[in-house]
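Working notes, structure below.
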Amino acid sequence: MLTAEAITCRYGRGPGAVTALSDVSLRLEPGMRLGLTGPSGSGKSTLARVLALLYAPDVGCVIVDGVPVPRAGTAAPRWLRRRVQLLWQSPRAATDPRATLRHVVGEPAALVGDDPAPVVEHWAPRVGLSAELLGRHPHEVSDGQLQRACLARALACEPGYLVADEATAMLDVSTQAALLEVIAQVQDDHGMGVLLLTHDRAVARHWCGEVVPIDELTSAPERG
Ligand SMILES: Nc1ncnc2c1ncn2[C@@H]1O[C@H](COP(=O)(O)OP(=O)(O)OP(=O)(O)O)[C@@H](O)[C@H]1O
């Protein structure tokens with residue numbers, strides 16, 4: 001289970017500080033498909049980053065499979081960070097423009113000193129990336145193709161939980177459906193929990209077993 005317990009997250013200090021999340025609690029079970037909806041600025045990306053252990057909250061804690069994540073100042077161990085993978089809204093911001101898609105997909109294996117080739121061979125076809133596309137750089141592929149590479153990279157970590165932050169928002173309807181179908185298939189095979197954060201309630205309702213508006217978990221962002 002991936003748990004956020006009473007998370008409060010602020011940006012800045014003093015009178016200009018923004019409270020992006022206030023006392024948010026959430027549970028994501030393995031195999032669950034949970035949709036979290038909210039308008040722009042409601043704190044979705046902040047929550048996504050807290051859950052993916054990229055931001056330490058000011059108050060509260062994240063618990064991954066029963067293991068509380070260390071507070072700010074102490075890096076969470078790599079195995080814990082790999083358990084929760086984040087699929088970003090913008091694949092271009094999440095990839096090195098100099099890396100080929102093959103390197104993007106193989107990155108998690110390379111980082112731990114494993115041979116990336118078998119990992120790429122396994123995951124690229126699953127997300128619909130051909131060998132020819134794998135040889136291209138981000139500027140030589142479409143957003144949808146690059147997001148497929150980012151999805152393969154996330155899945156190559158064999159995460160227990162996938163947090164998708166507006167991950168299909170920039171894609172056309174058919175590419176969006178294809179990507180969600182890949183996630184659904186991998187979820188069926190591996191039982192990972194998926195949190196879909198989106199402003200699009202129709203997509204969330206169509207795809208998720210349960211949909212919760214973020215303002216039911218938190219107060220709206222406020223000054224101070
Ligand atoms: N680095 C930052 N510094 C200061 N304020 C920030 C920062 N990042 C986000 N915020 C503020 O925190 C609040 C929540 O932002 P967040 O990006 O989490 O919302 P969101 O729901 O993901 O929005 P969007 O859908 O537009 O990405 C907003 O008021 C935003 O302006």
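In what follows, residues are counted from 1 in the order of the sequence shown. Order of appearance sets the numbers: ligands from 1, and atoms from 1 within every ligand.
Ion pairing of R126 with D189 is present here, as a side-chain N (NZ or NE/NH1/NH2) and a carboxylate O approach within less than 4.0 Å. Ion pairing between a basic and an acidic side chain is recognised when a charged N comes within 4.0 Å of a carboxylate O; D143 and R92 show such pairing.
Remark: ligand 1 and T46 share an N or O pair separated by less than 3.5 Å (distance only, no angle test). Residue G41 has at least one nitrogen or oxygen atom sitting less than 3.5 Å from a nitrogen or oxygen atom of ligand 1, judged on distance alone.
Heavy atoms of G43 approach ligand 1 to within less than 4.0 angstrom. Distances shorter than 4.0 angstrom do not occur between any heavy atom of G38 and any atom of ligand 1. At a 4.0 Å cut-off, not a single heavy atom of A48 sits close enough to ligand 1 to count as contact.
For ligand 1, the atoms closer than 4.0 angstrom to any heavy atom of S42 are 19 (O), 20 (P), 21 (O).
Residue H122 places its NE2 atom among more than 12 non-hydrogen atoms of other residues, nucleotides or ligands, all under 6.0 Å distant.
A single hydrophobic cluster is not seen to contain both L111 and L80; linkage of ILVMFWY side chains at heavy-atom distances under 4.5 Å, directly or through other members, places them apart.
For the residues K44, R10, Q89, the heavy atom positioned nearest atom 25 (O) of ligand 1 is part of K44. Between the choices S45, P39, A20, S40, the shortest heavy-atom distance to atom 26 (O) of ligand 1 belongs to S40.
For H190, the ring pair (Phe, Tyr, Trp, His ring centres under 6.0 Å) test picks out W123, with sequence neighbours left out.
Identified under the ring pair (Phe, Tyr, Trp, His ring centres under 6.0 Å) test for residues 84-118, with sequence neighbours left out: none.
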